[in-house]
Peer 1: 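Please find one structure pasted underneath; my questions will follow.
For clarity, every value in this text was computed on a predicted model and none was experimentally measured.
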2 protein chains.
Amino acid sequence: MTAGTAANDTRSRLLDTALKLFSEHGMEGTSMQMIADELGVTKAALYYHFKSKDEIAEAVAAPALQEMEQILDEACTKRSRGAQIDHALAGFVDLIVRQRMLVGLFNSDPGLQRLIHRTLLAPKDKDLKTKLRAVFAGEEPSLADAITVHVMSAGLAMAGGAPEFAAVDDDTLRQHLLDAGRRLLGRPRPKRLDKRLRDLPRPKG
Amino acid sequence: MTAGTAANDTRSRLLDTALKLFSEHGMEGTSMQMIADELGVTKAALYYHFKSKDEIAEAVAAPALQEMEQILDEACTKRSRGAQIDHALAGFVDLIVRQRMLVGLFNSDPGLQRLIHRTLLAPKDKDLKTKLRAVFAGEEPSLADAITVHVMSAGLAMAGGAPEFAAVDDDTLRQHLLDAGRRLLGRPRPKRLDKRLRDLPRPKG
DNA sequence: ATCCACACTAACCGATCGGTAAGTACGACG
DNA sequence: CGTCGTACTTACCGATCGGTTAGTGTGGAT
């Protein structure tokens, strides 16, 4: 017990550092040397903990991907479509806010995207994006709905991960992203009216 | 006359190729060798046309950036806030659809973003993002509005540049993105406009 | 005292990176 | 004919890339 504290600590610090650098410079723009320098160890030390750069990227991305999958699965258990969407949206926004850097990185780096798709998504019966679209817009969504869902997921993720909102506290950011998501998806806003009520067109009853 | 046709042709083919590769692999993930190979010339030939890789990236991004600036400036000349927003949104969506790859690349590559910010945006009195936010949400927007605008611009750009919608024809994509943008911004949807009717501003009414 | 697994380091690998220097095929011009 | 500019190519540079190998210091168990 209390076993590999040192190793565990270095390993998790390594992941934190990698995430930070990846999100600043992109995955291809971040070298193993940069990660090692930032950590204060040699490059070879990284290869003691991970077999390759790709494995580091996987380890960085995996937890959030798993969490997203879980949120989507939970949402599927809800009875009404409305409840499914509300749960998925709330969970998605919460994940984005808690993992701002990672989520921003995730749908912004072509290299990471390709890697993740190969190693973490492809093996599953259904890839995450498809699942997400299915939860928000049904199994066989119209083009309009598919586009709306894409705008929502990408928009919320990029805004959540944007450096200009880095100083905004989690609760506030979550509320605003939730509002934006609901507006896009045409979901009614629950009671909570914020100070600045805009004229919301409600196209559907 | 008809002078530098060959050179001009190579130069523009070079830019096309670079854009394609940048958007597939990211800027850091694309080497000069890759561009040269795809073009069927040697790497050194690239350096005949451009001084550096950065200069290529600038040349790739510059026209769309200029066009965006022009759209925003045009929008500012409109009388009502509503007309300003409508013009900017229509122009923005139109630009995204016409330049899908580039726009997708633009807000997805940390390396390109940093470069562009240094070389093309910083010198201007106001950077593009600030200008965009000002047009859509006023000079001193609330946090909620700033976030909404960010979600919109990033969401529309990423959806427009997304490979899964690559096969969608321009008009259709434009309509759906416009709808999503209007929903987000709380703009009323105009009654079924003729889809051919674009935003061409009447020259000095 | 010895051994051993752990968590590294120093030194190195071939490949590739962005970039450069020198040379060349070629058409236009005089 | 010769010469000049254009649009390249061949050959090369030092630096850095991801990754490997062999060795080292250290703490705990025996």
Peer 1: Looking at B/His49, does any N or O in its side chain come under 4.0 Å of the phosphate oxygens OP1/OP2 on D/dC8?
Peer 2: yes
Peer 1: Report the distance from atom CD1 of A/Ile35 to atom P of D/dG19, rounded to the nearest whole Å.
Peer 2: 11 Å
Peer 1: Nearest whole angstrom, please: distance from the P of C/dG18 to the CD1 of B/Ile56.
Peer 2: 10 Å
Peer 1: Distance check needed: D/dG18 P versus A/Leu21 CG, whole Å only.
Peer 2: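 These atoms are roughly 12 Å apart.
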Peer 1: Side-chain N or O of B/Thr10 versus OP1/OP2 of D/dA7: is the shortest distance under 4.0 Å?
Peer 2: no
Peer 1: Ignoring backbone atoms, establish whether A/Thr42 has a side-chain N or O less than 4.0 Å from OP1 or OP2 of C/dA10.
Peer 2: no
Peer 1: What do the steps show when you test A/His25 against B/Glu28 for side-chain contact (heavy atoms from CB on, under 4.5 Å), and what is the final call?
Peer 2: CA-CA 9 Å; A/His25 309 286; B/Glu28 306 263 11; 5.7 Å; no
Peer 1: Does a side-chain N-to-carboxylate-O contact under 4.0 Å join B/Arg182 and B/Asp86?
Peer 2: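 Answer for the salt bridge query: no.
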Peer 1: Tell me the interatomic distance from B/Tyr48, atom OH, to C/dA21, atom C1', rounded to whole angstroms.
Peer 2: 16 Å
Peer 1: Rounded to the nearest angstrom, tell me the gap between atom CE in A/Met32 and atom C1' in C/dT9.
Peer 2: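 Atom-to-atom, A/Met32 to C/dT9, this comes out as 15 Å.
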Peer 1: Counting side-chain heavy atoms from CB outward, which of C/dG18, D/dC17, D/dC8 is closest to B/Tyr47?
Peer 2: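 So the nucleotide nearest the side chain must be C/dG18.
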Peer 1: Below the 4.0 Å mark, does C/dC17 have OP1 or OP2 next to a side-chain nitrogen or oxygen of B/Ser31?
Peer 2: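 Indeed, a polar side-chain atom of B/Ser31 lies that close.
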Peer 1: NE2 of B/His25 versus P of C/dT16: gap in Å, rounded?
Peer 2: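 Interatomic distance, NE2 of B/His25 to P of C/dT16: 15 Å.
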Peer 1: Any carboxylate oxygen within less than 4.0 angstrom of a Lys/Arg side-chain nitrogen, looking at A/Asp16 and A/Arg13?
Peer 2: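 A/Arg13 and A/Asp16: not salt-bridged.
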Peer 1: Expressed in angstrom and rounded to an integer, what is the separation of B/Phe50 atom CZ from D/dA7 atom C1'?
Peer 2: 14 Å
Peer 1: Among the nucleotides D/dG18, C/dC8, D/dT20, which one has an atom lying closest to any side-chain atom of A/Ala44?
Peer 2: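 Nucleotide nearest to A/Ala44's side chain: D/dT20.
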Peer 1: Is the shortest distance from a Lys or Arg side-chain nitrogen in B/Asp170 or B/Arg100 to a carboxylate oxygen in the other one below 4.0 Å?
Peer 2: yes
Peer 1: Please determine, for the side chain of A/Val41, which listed nucleotide (C/dT9, D/dC8, C/dG19) has the closest atom?
Peer 2: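 Nearest listed nucleotide: C/dT9.
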Peer 1: Is A/Lys43 side chain donor-acceptor paired with the D/dG19 base, going by distance under 3.5 Å alone?
Peer 2: yes
Peer 1: Measure from NZ on B/Lys51 to C1' on C/dG19 and round the result to the nearest Å.
Peer 2: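 Answer to the nearest Å: 13 Å.
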Peer 1: Only one of B/Asp179, B/Leu156, B/Thr148 forms a side-chain contact (heavy atoms from CB on, under 4.5 Å) with B/Leu184, so which one is it?
Peer 2: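 Among the candidates, only B/Thr148 passes.
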